[in-house]
A.B. asks: 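Here it is, the structure in full.
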Amino acid sequence: MAGNNRRMSGKKGAQIGSGGKRRRGLEGKGPTPPAEMRKGHAKQRAAAAKTRRAQGRPPQRRGGGKSASELVVGRNPVYEALREGVPATTLYVQQFIDNDERVREALQLAAERGGINLMEAPRPELDRMTNGLNHQGLVLQVPPYEYAHPEDLLDAAADEGEDPLVVALDGVTDPRNLGAVVRSVSAFGGHGVVVPERRSAGMTAGAWKTSAGTAARTPVARATNLTRTLESYKKAGLTVVGLAADGEVELGELEALQGPVAIVVGSEGKGLSRLVGETCDFRVRIPMPGGAESLNAGVAAGIVLYEAARRRR
């Protein structure tokens, strides 16, 4: 009986077939759909935006969170912030302050702008608010900045029916450089700026001031992880271009600026971080016949944005 069982166990029994799945898997999936129908493609975004406009529906905005509120302290800084259009909610004025010309000018600017509360406060209260800084009797409260989401910048380009033109900053910590980049993006028709959530300049009063008011119409997005954001931009059809002094491609040779592009600018001292540099499709150098070793972020971004705008005419 045991021998019989051994003979039976060696026989090949019924096999479960593939049900034709393998054959169907070898079949083609048909022609590639047009760009307007491929999810995530820049042309698909533009088509969706066109449909929204036709139906009168506003585009969805994701938002990228808010910064903390900020205080501008001192007579000259407060006056300059008000003159440059830095957003403000409240102007605190010390009781019995010496009413000099700069104080009168600050009060006049606040009144002319409207929407700014004027509050009189005793000196000890202003000392407490400013942690003992030399406020000279004037303190301006700047509201939290509302950051965009990185995807919002692509949506904004689609709303205009344009190829995205975005600048991302990698390790730029000076708010004045951020403000200068925002100003250049606005001047050359870009769609916004992306900054990392950590170890990066934010939209402070100093950045607002350097932007010369353009921050009111040019969005700044905050990315939790800049490398992942750039990878998502690549999937959406953008070419990621990193600026580097030792870049393999010279700026004038880069044809990619004519299409959807994200320009990545590193810090003046360290340049691009390793992971961000490896994510870039091209590393581009700006020719400098004068022999300078590097340019600050604001100047470098302005040069590349001008070249991109010139090619897109």
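Along the sequence shown, residues carry numbers from 1.
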A.B. asks: Hydrophobic clustering (ILVMFWY, side-chain heavy atoms < 4.5 Å, transitive) - are F188 and V167 grouped together?
C.D. replies: yes
A.B. asks: How many angstroms lie between atom CD of E80 and atom CG of L109, to the nearest 0.5 angstrom?
C.D. replies: 9.5 Å
A.B. asks: Do D127 and H135 make a side-chain contact, defined as non-hydrogen atoms from C-beta onward lying under 4.5 Å apart?
C.D. replies: yes
A.B. asks: Does any non-hydrogen side-chain atom of L238 lie less than 4.5 Å from one of L154?
C.D. replies: yes
A.B. asks: Is the backbone of V195 close enough, under 3.5 Å, to the side chain of Y147 for a donor and an acceptor to pair up by distance?
C.D. replies: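 Not a single qualifying donor-acceptor pair exists.
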A.B. asks: Considering residues, nucleotides and ligands other than D98, do more than 12 of their heavy atoms fall under 6.0 Å from its CG?
C.D. replies: no
A.B. asks: Are D100 and R102 close enough, and set up right, to give a salt bridge (charged side-chain N to carboxylate O under 4.0 Å, His left out), and what steps lead you there?
C.D. replies: CA-CA 6 Å; D100 66 8; R102 190 44 48 98; over 6 Å; no
A.B. asks: Specify the closest pair of heavy atoms between L107 and V93, including all atoms of both residues, with the distance to one decimal.
C.D. replies: CD2-CG2, 3.7 Å
A.B. asks: Starting from V181, can I reach V172 by hopping between I/L/V/M/F/W/Y residues whose side chains sit under 4.5 Å apart?
C.D. replies: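 Yes; V181 is reachable from V172 via cluster members.
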A.B. asks: Are E307 and R310 close enough, and set up right, to give a salt bridge (charged side-chain N to carboxylate O under 4.0 Å, His left out), and what steps lead you there?
C.D. replies: CA-CA 5 Å; E307 179 67 13; R310 184 184 69 83; 2.7 Å; yes
A.B. asks: Are side-chain heavy atoms of T227 and E278 found at a separation under 4.5 Å?
C.D. replies: no
A.B. asks: Using 0.5 Å steps for rounding, measure from the CG atom of L226 to the OG1 atom of T279.
C.D. replies: 8.0 Å
A.B. asks: Decide whether F282 and Y306 are clustered together by the hydrophobic rule: side chain heavy atoms of Ile, Leu, Val, Met, Phe, Trp, Tyr closer than 4.5 Å, transitively.
C.D. replies: yes
A.B. asks: Is there a side-chain contact between R311 and E255, using heavy atoms and a 4.5 Å cut-off?
C.D. replies: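 With C-beta onward as the side chain, the pair touches.
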A.B. asks: Under the side chain to side chain contact (heavy atoms under 4.5 Å, CB included) rule, what do V185 and T214 come out as? Steps first, then yes or no, please.
C.D. replies: CA-CA 9 Å; V185 169; T214 58; over 6 Å; no
A.B. asks: Quick one, R104 with E101, criterion salt bridge (charged side-chain N to carboxylate O under 4.0 Å, His left out). Give me CA distance, side-chain angles, the key distance, then yes/no.
C.D. replies: CA-CA 5 Å; R104 290 193 296 271; E101 181 180 1; 5.5 Å; no
A.B. asks: Of all heavy-atom pairs between I116 and L82, which one has the smallest distance, and what is that distance?
C.D. replies: CD1-CD2, 3.8 Å
A.B. asks: Nearest 0.5 Å please: distance from the CG atom of D170 over to the CZ atom of R274.
C.D. replies: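 Answer for the CG-CZ pair, D170 versus R274, is 12.0 Å.
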A.B. asks: Just wondering, do I97 and R75 contact through their side chains at under 4.5 Å, heavy atoms?
C.D. replies: yes
A.B. asks: So, for A180 and G298, which heavy atoms are closest and what is the spacing to 0.1 Å?
C.D. replies: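 That closest heavy-atom pairing would be CB-CA, 4.1 Å.
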A.B. asks: Check the pair R228 / E231 against salt bridge (charged side-chain N to carboxylate O under 4.0 Å, His left out), numbers first and verdict last.
C.D. replies: CA-CA 5 Å; R228 283 202 297 265; E231 288 173 347; over 6 Å; no
A.B. asks: If we count only N and O atoms by modelled type, under 3.5 Å, do the side chains of T239 and D281 hold a donor and an acceptor together?
C.D. replies: no
A.B. asks: Are I263 and I303 joined in one hydrophobic group, where the rule is that I, L, V, M, F, W and Y side chains link up if heavy atoms are under 4.5 Å apart?
C.D. replies: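 Yes; I303 is reachable from I263 via cluster members.
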A.B. asks: Compare all side-chain heavy atoms of Y92 with those of Q141 and state whether any distance is below 4.5 angstrom.
C.D. replies: yes
A.B. asks: Looking only at heavy atoms, which two atoms of S186 and T218 are closest? And how far apart?
C.D. replies: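 In this case the closest contact between S186 and T218 is CB-OG1, 3.2 Å.
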A.B. asks: Is any side-chain heavy atom of L165 closer than 4.5 Å to one of D163?
C.D. replies: no
A.B. asks: Might you confirm whether atom CZ of R283 has over 12 heavy atoms from other residues, nucleotides or ligands at distances under 6.0 Å?
C.D. replies: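 Check passes, neighbour count above 12.
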A.B. asks: Without swapping roles, check the side chain of R312 against the backbone of E162 for a donor-acceptor pair under 3.5 Å.
C.D. replies: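 The answer is no, because no donor-acceptor pair under 3.5 Å joins these two groups.
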A.B. asks: Can you tell me how far the NE2 atom of H149 sits from the CG atom of D155, to the nearest 0.5 Å?
C.D. replies: 10.0 Å
A.B. asks: For the backbone of L126 and the side chain of Q94, can you confirm whether one donor and one acceptor N or O come within less than 3.5 Å of each other?
C.D. replies: no
A.B. asks: Work out which heavy atom in A110 is nearest to a heavy atom in L91; give both atom names and the distance.
C.D. replies: CB-CD2, 4.0 Å
A.B. asks: Examine L118 and V142 and state if one hydrophobic cluster contains both, with Ile, Leu, Val, Met, Phe, Trp and Tyr joined whenever side-chain heavy atoms are less than 4.5 Å apart.
C.D. replies: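 Yes; V142 is reachable from L118 via cluster members.
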A.B. asks: Please report the closest heavy-atom contact between T204 and P175, naming both atoms and the distance.
C.D. replies: OG1-CB, 3.3 Å
A.B. asks: For the atom pair OG1 (T89) and CG (L140), what is the distance rounded to the nearest 0.5 Å?
C.D. replies: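 Atom-to-atom, T89:OG1 and L140:CG are 7.5 Å apart.
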A.B. asks: Are any non-hydrogen side-chain atoms of L295 and M288 less than 4.5 angstrom apart?
C.D. replies: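 With C-beta onward as the side chain, the pair touches.
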A.B. asks: How long is the span from the CZ atom in R199 to the OG atom in S267, to the nearest 0.5 Å?
C.D. replies: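 Atom-to-atom, R199:CZ and S267:OG are 12.0 Å apart.
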A.B. asks: Quick one: does Y233's side chain have a donor or acceptor within less than 3.5 Å of a partner on V166's backbone?
C.D. replies: no
A.B. asks: Side chain of S200, backbone of E197: donor and acceptor closer than 3.5 Å?
C.D. replies: no
